[in-house]
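Start at 1 and go down the list; that is how both ligands and their atoms are numbered.
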Amino acid sequence: MNKITSLNKLKYSENLLLIKEKALREDVPIVSDDVLTYLVKTIKLLEVKNILEIGTAIGYSSISMAINSVANIDTIERNEANFNQAIENIRMCKLNERIKVFNEDALTIDLKLLKDHYDLIFIDAAKAQMRKFFEKFSPKLSFNGVIIIDNLNFHGLVYGNIPIKNKNLKSLVRKIAEFNLWLSQKEDFETYFFSIGDGMAICRKKNE
Ligand code: SAH
Ligand code: MG
């Protein structure tokens, strides 16, 4: 691999590589290497201790963040098959003390089940609901905590000038574009967008 990013030394255990292969084989959407590097960089620089993730899938991103830091992770997954697979994978990696998975819909989960505050919130679930996730979980940010949101360019379609025929896809892409604009204009947050991976943003609440 002739890429500058091949110089990054992210830790991948053997089990994690098996999980990654399985995800790729079965078309489970997992975080890109670039976004994962960005997440780990942020966790280290901000000395993040507690992470909340919306959208576990089969645990690949939470296991990766756990292996590469000392943070504890709460993660929410509504799909039961994914949840069960995540639990199995996390156990296989012996990380069940540090990663807690909630088999819940993030839109309806009782916030009291979660910690009061998180240093990092990673939003990576249903892309049509990003604003709802943002509004529901941003009050859980600790002082100077950050929110990172994945897939803001959705397979390159949001800013790709590619004609989309499928109606549902078209509506999803429009929703993501609207969310991005809303986020960029949100006065109480400072937000930076990056075209790494599938497009991502990092946001921090302004301190009055
Ligand atoms: N973060 C994972 C990938 C998550 S894929 C990784 O990088 O490894 C998105 C996941 O979000 C899917 O498993 C989907 O079932 C879940 N999801 C979508 N909407 C959700 C919701 N409202 N509440 C909880 N989970 C949701
Ligand atoms: Mg993603």
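- None of the N, O or S atoms belonging to S32 lies under 2.8 Å away from the Mg ion (ligand 2).
- Scanning the protein for heavy atoms near atom 9 (C) of ligand 1, the closest one is D124 O, 3.2 Å.
- Nearest non-hydrogen protein atom to atom 25 (N) of ligand 1 is R78 N, 3.2 Å.
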Determine, stepwise, if the pair K140 / D74 fulfils salt bridge (charged side-chain N to carboxylate O under 4.0 Å, His left out).
-> CA-CA 12 Å; K140 287 250 176 223; D74 285 347; over 6 Å; no
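- Counting heavy atoms under 4.0 Å from ligand 1, residue T56 touches it through the backbone alone.
- Side chains of N89 and Y60: a donor-acceptor N/O pair is absent below 3.5 angstrom, by distance only.
- Using modelled atom types, one finds a donor on one side chain and an acceptor on the other under 3.5 Å when comparing E190 with Y192.
- Using modelled atom types, one side-chain atom of K136 and one backbone atom of L107 make a donor-acceptor pair closer than 3.5 Å.
- When only non-hydrogen protein atoms are considered, atom 2 (C) of ligand 1 lies nearest to S61 OG, 3.3 Å.
- Here the side chain of S142 pairs a donor or acceptor atom with the backbone of Y118 at under 3.5 angstrom.
- Protein heavy atom in closest approach to atom 15 (O) of ligand 1: E77 OE2, 2.6 Å.
- On a distance-only criterion, A126 and ligand 1 share at least one N/O pair closer than 3.5 Å.
- When hydrogens are left out, the protein atom nearest atom 22 (N) of ligand 1 is D105 OD1, 2.9 Å; that is the closest non-hydrogen contact.
- Closest to atom 7 (O) of ligand 1 among all protein heavy atoms lies V31 N, 2.8 Å.
- With respect to atom 11 (O) of ligand 1, the closest heavy atom belonging to the protein is G55 CA, 3.4 Å.
- The nearest N, O or S atom of D198 is not closer to the Mg ion (ligand 2) than 2.8 Å.
- The nearest heavy-atom contact from the protein to atom 3 (C) of ligand 1 is P29 O, 3.1 Å.
- With hydrogens and angles left out, the side-chain atoms of D198 and N151 include a donor and acceptor closer than 3.5 Å.
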